[in-house]
Amino acid sequence: MDATIATFLIQDGLTNGAIYALLGLAIVLVFAVTRVIFIPQGEFVAYGALTLAILDTGQVPATPKLLLCFGAVAFLLDLWSWRRSFAMRDLVKNIALNLGLPLAIYGAVLYLAPLQLPSFIRALIAVSIIAPMGLYVYRIAYRPLADASVLVLLITSVGVHLAMLGLGLIFFGPEGLRAAPLHDGSFTLGPLLVTAQSVLIYLMTILIMVGLYFFFEKTLLGKALRATAVNRLGAQLVGVRTQLTGSTAFVLAATIAAISGVLLGPITTIYYDTGFLIGLKGFVAAILGGMGSFPITAIAAIGVGMVESFASFFASNYKEIIVFGLIVPVLIWLSLGANHHEED
Amino acid sequence: MAGNRHILPGALALILLAAFPLLPVPPFWITLANNIGLASLVAIGLVLLTGVGGLTSFGQAAFCGFGAYTTAVLTTAYGFSPWMTLPLSLAVGAAVAIPLGLMTVRLSGHYLPLGTIAWGLAIYYLFGRIELLGRYDGISAIPPLEIGSYRFLSGQSIFYVIWAFVILTALGAQNLLDSRVGRAIRALRGGSQAAEAFGINIERAKLTVFVFAAVVAALSGWLYAHMQRSINPTPFGLDMGITYMLMAVIGGAGYVWGAIFGASVVLILKETLQRVLPGLLDTTANFEMIVFGILLVGILQLSKEGLWPFVLKLLPRSRRSRQLAEPSSQLDKRDMPERGTPLLRIDKVRKQFGGLVAVNDVSFEIKAGEIVGLIGPNGAGKSTTFNLITGIASLSGGGVAYAGQTLSGLSPREIAKHGVARTFQHAKILPDMSVLENVALGAHLRGSAGVFRSILRLERKEEATLLTEAARQIERVGLGQYRDRPAGDLALGQIRILEIARALAADPTLLLLDEPAAGLRHGEKQELSNLLKKLRSEGVSVLLVEHDMGFVMGLVDNLVVLDFGTLIAQGKPQEVRKHPAVIAAYLGGVA
């Protein structure tokens, strides 16, 4: 291995690591606020990337239709939950959110998809199709179980993952797709060839992290999310609507996942089931961060990207094994540090 | 547990099962039944792990893989006979599970499932990359099972082998749950504090059930290898691991027979879907995962107990109370220390939470055979002092000595071994277990039966003495009529009494009671007071925290008063009552 390969591997690791960092942050966010371990995140990544790839061809992807279905199910569930108490104002809000929003997005996509818009707009469309899915998935799968144990929520997550994986297979088929780069350019930095796409990834990652920081520090909703994360019952008692914080966390996570997908789509071929593996690497980072620390998760994610990049050079056969094996020493370390059992 | 309740349906099911391969059914059905049997084994392990123990693993398929590959390699490359590899396959399953379990038992619940997801994926890739294991092509030409010269080649013949193992495993699991070790495993879901306070090793109980689940999964893999006679990594991947979890969830938490039900539902559904769906959707990919995913979420939302309880409702049930076997021996009783000798010595104990001093250099002593009351206003540090004595909280300073031995620094489990038993201010019982079983948990340290003896029912004598002792303590505290009811049915006051019975089942020399009379009616308080006096006459020492002054004054030999973490008075109740500092603490300072 010479310096050129090393710098290439580092760049590769950094690019993937940045994506894992975003995903790791979203996992920690969702876990802190809702205690849900967000396994279906990978599907949101794949949906985002594949939706963009189809938009690139000028066709209408199937995901807006799926969004309509999700919205309709959420609508019906809400109706069912009101079978005893019913308020007109709620109904109007519900129709707007569960039926109006998906319809509006569906209509917009139908109109915009064939127009051959610039790539950034296409990416934006892809994200806005996928992000609201977080809202409906939370409403359909998790909200009825909001008070269940972490374990039940985790098994639920695996169920959601399976269902979304299967839907991905129906809508996108078993073939992989690759989106067009958001920006074609590249430049050399010393011996390095840096693509505009990877610079875009770094920028977006930093932007989202800064954005999240301001959201949590400066806005009331962000503070409500933090309050829910610290103490759910306490937050409820002082008037925080934990359903709202729950949906917000899911929409944020889905948005981050969709952005990751859009960023990743042009640099690697994405299959309907690729997202799961990518999401799991975000998990490895989140576990390294103890499922609680944003900065450690971000740093760990870069580390995961690096390990993966170098492992694929030195022992490509064992790449996945090495990456997932990373959590073994972490579990040992966490275990040695644990001196009490949780009472839940 | 289902126990003897369903002998008739059970026998009927057994006859149907035995007759099944003899009927003129299509061979495809036999294969399905065999697969259900194999999956049931894994699901039984998961029911114990998840439903009973509250731990979760998505990596069970990987353990099947270890069982299957062990026998495949040994029989094809090294000429072992299949039966010889059975113990080896199981041992490999256990050997892999132990380090994995050790890593996660000390961590909170979600690390194990997350770890097993990563592990399930990594192992799948590993199986597919290793030359010795035939990479993704796997290993073929595995010999069939044989007895003498009879070779189990047909689906019909191996059917009997598989289902014999399934039934034996289910019975073994049932036996395990209905034993001393089983109670410890069932206590895992109820939080660890109460269990540890009675000497149960939580980490060991977790490890036990994890290894048990891994071993039965390895058994399933071993059978699979000899049924299929060729293996590749596919059935040992994460997808299958998730499917096993679905089976356990459908079967329901804590129902061993539900595992077989869950496996049947999932596999029959899978077959049906694989036939019907391609016609509907016009392609051949495996879409059953959508249905499985929705099913998993739906069942958890509608009934966290799974579907098996609905089936149980259809079966006849008798409300006969549990017959206790006549014990052949008595449990050993601890020798009580001589009355009046110093028993527990609290020496300048201190507990700080950051800048807050919850217990401030408190010293007092309890002599053998006396009842000491620990009183003080709310927030005085009474419960914290309790937790310091029993090792639940760690000391910031000072020491606790018990009959001349140092208790400070010991874990609650080790302190329990010295004969210190306690109740909790917020009662910690296991609502799903019967009153009898809850109390028997207290007698945990007085038995010694391990996993193997429990599975094989070789510990029935010891179990009978433990249960008889528990029943005796229940009678003694006056809960006899509730013995076989779930503890969750009791009223709050009765639950406190139940906790006392549980503490008594531990045969304590020192009993620590945290607000035992709270929630009791007047008459019940009277009975409790009499019980404690009787215990005192038997030589048991008692330290109790209580707010009801009438109750305390007529009962205790000595009083210790705390206020804001500091000891303000101690002595005979009559003296303490007149102590100016005590009056000030209770009625507010007199200006």
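Naming: A, B, ... by sequence-line order, numbering from 1 per chain. What you see below is based on every heavy atom in this structure, not just the backbone, and it leaves out hydrogens, waters and symmetry mates. Fair warning: this is a prediction, and the values are worked out from it, not measured in the lab.
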Margin query: Restricting to ring pair (Phe, Tyr, Trp, His ring centres under 6.0 Å), what partner residues turn up for F63(B), sequence neighbours left out?
Written below: W119(B), F210(B)

Checklist line | M164(A) CE to I290(B) CD1 distance, which is reported to the nearest 0.5 Å | finding: 11.5 Å

Check: Could you state the interatomic distance from OH (Y125(B)) to CZ (F324(A)), rounded to the nearest 0.5 Å?
Finding: 6.5 Å

Margin query: Please classify the contact between F31(A) and chain B as side chain, backbone, both or neither, with a heavy-atom cut-off of under 4.5 Å.
Written below: side chain

Check: Which bit of L238(B) is near chain A, if near means a heavy-atom gap under 4.5 Å: side chain, backbone, both or neither?
Finding: side chain

Note to self: Using only non-hydrogen atoms and a strict under-4.5 angstrom cutoff, which residues of residues 275-288 of chain A touch chain B?
What the structure shows: F276(A), L277(A), L280(A), F283(A), I287(A)

Check: Looking only at heavy atoms, what is the nearest atom pair of P113(B) and L151(A), with distance?
Finding: CG-CD1, 4.2 Å

Notebook entry, point to check: I117(B) versus I39(A): any side-chain heavy-atom pair under 4.5 Å?
Noted result: yes

Note to self: To the closest 0.5 Å, what do you measure between CG (L114(B)) and CD1 (I27(A))?
What the structure shows: 9.0 Å

Notebook entry, point to check: Who among G159(A), A148(A), P174(A) has the most heavy-atom pairs with chain B under 4.5 Å?
Noted result: G159(A)

Check: Considering only heavy atoms, which portion of L102(B) lies under 4.5 Å from any heavy atom of chain A: side chain, backbone, both, or neither?
Finding: backbone

Next item on the list: Please state whether the side chain, the backbone, both or neither of Y124(B) comes within less than 4.5 Å of a heavy atom of chain A.
Entry: neither

Check: Is there a donor-acceptor contact under 3.5 Å from the side chain of Q301(B) to the main chain of A141(A)?
Finding: yes

Margin query: To check you understand the geometry: which heavy-atom pair defines the closest contact between V158(A) and I242(B), and what is its length?
Written below: CG1-CG2, 3.2 Å

Next item on the list: Given side-chain contact (heavy atoms from CB on, under 4.5 Å), test L154(A) with F58(B) step by step and report yes or no.
Entry: CA-CA 11 Å; L154(A) 181 108; F58(B) 292 100; 3.3 Å; yes

Check: Hey, mind stepping through V297(B) and Y142(A) against side-chain contact (heavy atoms from CB on, under 4.5 Å) and telling me if it holds?
Finding: CA-CA 9 Å; V297(B) 178; Y142(A) 297 100; over 6 Å; no

Check: Between L100(B), L295(B), I294(B), L121(B), which residue shows the highest count of heavy-atom pairs closer than 4.5 Å to chain A?
Finding: L121(B)

Notebook entry, point to check: CG/L162(A) to CE/M245(B) distance, rounded to the nearest 0.5 angstrom?
Noted result: 12.0 Å

Next item on the list: Among the options S149(A), S157(A), A163(A), pick out the one with the most heavy-atom pairs lying under 4.5 Å from chain B.
Entry: A163(A)

Check: If you look at every heavy atom in A122(B) and I321(A), which pair is closest and at what distance?
Finding: O-CG1, 3.6 Å

Item checked: Non-hydrogen atoms of V152(A) and L300(B) that approach each other most closely -> O-CD1, 3.7 Å

Checklist line | Under 4.5 Å from any heavy atom of chain B - which part of I140(A) | finding: backbone

Next item on the list: Check whether V291(B) gets within reach of chain A through its side chain, its backbone, both or neither, counting any heavy atom under 4.5 Å.
Entry: neither

Item checked: More than 12 heavy atoms of other groups within 6.0 Å of Y271(A) OH -> no

Checklist line | L167(A) portion near chain B, given a 4.5 angstrom heavy-atom threshold | finding: both

